Amino acid sequence: MEMIKVENLKKSFGNIEVLKDISLNVDKGDVIAILGPSGSGKSTFLRSLIDLVEIDGGSIYIEGEALCENAVYPHAKEKRRILAKTGMVFQHFNLFPHKNVRDNLLLAPMLKKQGTRDELNKKAMDILEKVGLVEKINEMPKNLSGGQKQRVAIARALMCDPDILLFDEPTSALDPELTGEVLNVIRDLSKEKMTMLIVTHEIGFAREAANKVLFMDGGYVLGFGTPEEIIDSNENTRIKNFFAKMTY
Amino acid sequence: MAVGCLLTLKLFIITIVLSMPLGLVLTFLYTSKNKALNKVVAFYILIMRGTPLLLQIFFVYFGLPYTPIIGKYLTISDRFTAGAVAFILNYAAYFAEIFRGGLLSVDKGQYEAAKVLGLTDMQTRFKIVLPQMFRISLPAVSNEAIILIKDTALITAIGLSDLLKVTKTIVNKTTNISAFLVAAIFYLIMSYVLTIVFRLLEKKFAF
Ligand SMILES: Nc1ncnc2c1ncn2[C@@H]1O[C@H](COP(=O)(O)OP(=O)(O)OP(=O)(O)O)[C@@H](O)[C@H]1O
Ligand SMILES: [Mg+2]
């Protein structure tokens, strides 16, 4: 069974058709880098998978369950249940500024009653250990660097035990010297067989950490295959031009 | 004079305590999905901010009883109650505007983060949005509270003896202006205490 199955997805904003006909199967443990020119619909597509964007046509299945079938969605509670094992990390972190690191991590699982405070505290420590931020547990977000904020954001997503993690340009807001620490965390997750979709401009990272590359352009999928197939030896001129223009 | 102080203080506290929650409710209605409700609240705020508070006090005390048909149910014969009602209705409108501004400046990424973590709309509102809205609104709320301290003097217009009224009477009787000084100091101390309290709140909830 596919972790994510997308069939003929369509999305318009007003009368601009942003996603035209997207179909995709994501297998367990896939790490998919989503590449493509600006405005091609990468973010819109990613956001539709976690219900931040409501689609106008097609279907989305998450671990076999319909988040949306022929553009018809179930009610809010059912959507929350279907998306319970899906998490997302944003370009601008979106940490809760009024909560310290610990409470950023604990807030959602506490509200969803996924454990006692003690259990969740322990879990938060373990996860912060993984992202290398145990000593920051009592800091407020404003006192963290961008790279640290993003690692907290990943830790916060991990608190809900996701099977699927979505990343929208997780390193684009960071100073170049801070991208490495975030990419390392994502790399570690890929070793643990986390299923991930990552919109990124880091071609080097896509080549090395992703097992598949999805190339989008003008609301369509122009290519889907191994990094080698898409980045290095593609026959499609639009794809070829895109990578030829990139300096990396 | 102490009686006057007490009345001023009482009016201030009652107004603050009741107009803030009412303002918050108005903000919710103002920003709810129901377009008709939005309009009603917008109109209410327009009236309350667009007409003098003094007029509103007169209206509640002298005007409401003359309302056709239901006038006798709207009569508030206690001067203080009538005055307080006008203050609360007026200040709620101002607080509603302040809170709405605070709400608008909460980043939309906060709603998205809450949603992808599986929070319900209610949880998002109360755990994520409201705390940030209050924090953003604090300086404006503080400002409004200090204005209110001085606005309380308007209640003399319906014949109540607040601090200022009592002071004036004393000055007339004693032909000595030191009572004015005492009144000024009282207003100053209240403003000062409020400023300190809000500073502390701002610090405590800094982020
Ligand atoms: N909420 C919205 N309302 C209207 N138009 C939108 C909205 N979100 C995106 N768009 C439009 O949809 C198109 C695709 O946007 P999207 O953000 O998905 O592109 P992208 O591939 O992520 O680009 P980038 O690499 O710049 O992030 C753009 O033309 C954009 O202007
Ligand atoms: Mg984007």
Side-chain angles (χ1 to χ4, degrees), chain A residues 43 46-47 49-54 75-77 79-100 103-114 139-144 149 152-162 164-168 173, chain B residues 20-21 23-24 27-29 31-35 37 95 98-142 197-207:
Chain A
S43 297
L46 198 70
R47 291 156 60 81
L49 300 179
I50 197 158
D51 194 37
L52 289 177
V53 164
E54 199 159 285
H75 52 77
K77 198 172 164 196
K79 285 195 288 191
R80 268 199 303 281
R81 187 185 66 73
I82 293 166
L83 290 172
K85 291 279 179 182
T86 308
M88 179 155 181
V89 173
F90 301 89
Q91 179 176 357
H92 295 288
F93 329 125
N94 300 353
L95 295 179
F96 303 132
H98 58 303
K99 306 237 172 237
N100 66 14
D103 291 336
N104 263 277
L105 265 63
L106 260 56
L107 181 84
M110 285 291 284
L111 286 175
K112 293 188 281 180
K113 303 196 170 59
Q114 291 173 329
E139 274 313 331
M140 295 303 277
K142 71 158 188 280
N143 298 328
L144 302 176
K149 280 184 196 156
V152 171
I154 296 173
R156 180 176 68 177
L158 291 174
M159 286 295 288
C160 301
D161 297 318
I164 300 165
L165 271 184
L166 310 176
F167 297 80
D168 194 357
Chain B
M20 282 221 259
L24 190 60
T27 303
F28 284 160
L29 300 179
T31 56
S32 74
K33 289 194 188 99
N34 188 324
K35 288 276 182 299
L37 269 181
F95 283 125
I98 290 174
F99 291 147
R100 191 175 70 95
L103 210 56
L104 289 177
S105 35
V106 174
D107 184 50
K108 85 178 199 324
Q110 294 290 305
Y111 295 88
E112 297 184 348
K115 181 162 185 191
V116 301
L117 287 167
L119 268 55
T120 63
D121 288 351
M122 274 297 174
Q123 290 168 337
T124 305
R125 173 163 278 190
F126 285 102
K127 299 288 179 181
I128 308 298
V129 179
L130 280 192
Q132 294 185 52
M133 181 203 81
F134 279 124
R135 175 60 189 85
I136 296 166
S137 306
L138 264 181
V141 169
S142 159
V197 168
F198 276 99
R199 283 279 152 72
L200 286 177
L201 284 175
E202 280 172 34
K203 213 176 252 160
K204 181 160 165 26
F205 295 110
F207 55 73

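In what follows, chains are A, B, ... by sequence order, proteins preceding strands, each numbered from 1. Since we're looking at a predicted model, the values are computed, not measured.
Of the listed residues (A:A76, A:P97, A:A84), the one with the most heavy-atom contacts under 4.5 Å to chain B is A:P97. Interface remark: of the candidates A:C160, A:A108, A:P141, A:P162, A:A108 forms the most heavy-atom pairs closer than 4.5 Å to chain B. Top candidate by heavy-atom pairs under 4.5 Å with chain B, chosen from A:L83, A:L166, A:I50, A:N143, is A:I50.
Contacts of A:D51 with chain B are made by both backbone and side-chain atoms, with heavy-atom separations under 4.5 Å. Both the backbone and the side chain of A:R156 have a heavy atom closer than 4.5 Å to some heavy atom of chain B. Using a 4.5 Å cut-off between heavy atoms, A:L107 contacts chain B through its side chain alone, with no backbone atom that close. Of the two parts of A:F90, only the side chain, counted from C-beta on, holds a non-hydrogen atom closer than 4.5 Å to a non-hydrogen atom of chain B. Of the atoms belonging to B:K115, it is side-chain heavy atoms, and not backbone ones, that fall under 4.5 Å from chain A. In this structure, chain B has no heavy atom under 4.5 Å from any part of A:H92.
In this structure, A:E54 and A:K79 approach most closely via the heavy-atom pair OE1-NZ, 4.3 Å. Closest approach of A:A153 and A:V89 over heavy atoms only: O-CG2, 4.3 Å.
Residues passing the side-chain hydrogen bond (donor to acceptor under 3.5 Å, both in side chains) test with B:Q110, sequence neighbours excluded: B:Q132. A:K85 meets the salt bridge (charged side-chain N to carboxylate O under 4.0 Å, His left out) test with no other residue; sequence neighbours excluded.
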Q: Let me see the working for B:I128 and B:Y111 under side chain to side chain contact (heavy atoms under 4.5 Å, CB included), right down to the final yes or no.
A: CA-CA 8 Å; B:I128 308 298; B:Y111 295 88; over 6 Å; no
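For the pair A:K99 and A:M140, the minimum side-chain heavy-atom distance is 4.5 Å or more. Contact annotation: the side chain of A:D168 never approaches that of A:Q91 to less than 4.5 Å [non-hydrogen atoms, C-beta and beyond].
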